[in-house]
Amino acid sequence: MKHIYNPPQDTSKPTFLLLHGTGGTETDLLPAAGHIDPQAGVLSVRGNVSENGMPRFFKRLSEGVFDMEDLRERTEELHAFIGQAAEQYGFDRNHVIAIGYSNGANIAANLLFTYSDSLKAAMLHHPMVPDREAKLPHLAGTRVFIGAGTNDPICPKEESEDLDKMLREAGADVELHWENRGHQLTMEEIAAAKAWYEKG
Ligand code: MLT
């Protein structure tokens, strides 16, 4: 997968897996990652799917309606890619923390829905429930920050609440943070994610 890799500045630091929104690229979340922890490593990936030229991490049938088979395949592909990158670059596979926005948050959520050990933690900005039929793995010990909008037209409030509930029921330690700026990823939300990260 097309990506950027920057090593962590010391071995105690995690590697941030950066996953952009629809139409974004692997450079979009670099400033956010630098703000949250400038010493963390970065593996920033570009989605392999193109929707009319806009990169995404999996196909959708319409706004908010996902191609479930493609979601499953792309989630497996991303999980395998993280493993290959850890071997190639020598970072700790067990210390990967996702930062995803919108479509990127949705595939990060689906990594959590599929594997108990793919992500140590995740910051999910404006995610949806990726798969309502999923039987989640045990996620005890996994920390998750959800940044959501009370008035997000793309990811309705109930999506964030249901995702929070499903992750908690699987044992994850979840913080649900609300903003009221629609689908935007604001500096206030990044600051809240940073405060959550620093508590971990
Ligand atoms: C998705 O397709 O993943 C969601 O609708 C969010 C987005 O528009 O990227």
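Just so you know, ligand 1 is whichever comes first in the structure, and atom 1 is the first atom listed for that ligand.
Pairs of residues two or more places apart, or lying in two chains, that qualify as salt bridge (charged side-chain N to carboxylate O under 4.0 Å, His left out) and include a residue from residues 75-94 are Arg74-Glu77. Within the structure, every pair that satisfies the side-chain hydrogen bond (donor to acceptor under 3.5 Å, both in side chains) test and touches residues 141-152, not counting sequence neighbours, is listed here: His126-Asp152, Asp152-His183.
Asn110 meets the side chain to side chain donor-acceptor pair (under 3.5 Å) test with Thr75; sequence neighbours excluded.
Residues Glu189 and Arg181 are not paired through a salt bridge, judged by the lack of any N-O separation under 4.0 Å between the basic side chain and the carboxylate.
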Show the short N or O contacts, below 3.5 Å, that ligand 1 makes with protein N or O atoms; if there are none, say 'none'.
| unit_1 | atom_1 | unit_2 | atom_2 | d |
| --- | --- | --- | --- | --- |
| ligand 1 | 2 (O) | Arg56 | NH1 | 2.8 |
| ligand 1 | 2 (O) | Arg56 | NH2 | 2.9 |
| ligand 1 | 2 (O) | Arg60 | NH1 | 3.3 |
| ligand 1 | 3 (O) | Asn103 | ND2 | 2.9 |
| ligand 1 | 3 (O) | Asn106 | ND2 | 2.8 |
| ligand 1 | 8 (O) | Arg60 | NH1 | 3.1 |
| ligand 1 | 9 (O) | Thr22 | OG1 | 2.5 |
| ligand 1 | 9 (O) | Ser102 | OG | 3.2 |
| ligand 1 | 9 (O) | Asn103 | N | 3.4 |

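Ring geometry, Tyr89 versus Tyr5: the interplanar angle falls under 30°, so the pair is classed parallel (tilted spans 30 to 60°).
Tyr197 and Asp37 are linked by a side-chain donor-acceptor pair at a separation below 3.5 angstrom, with hydrogens and angles left out of the test.
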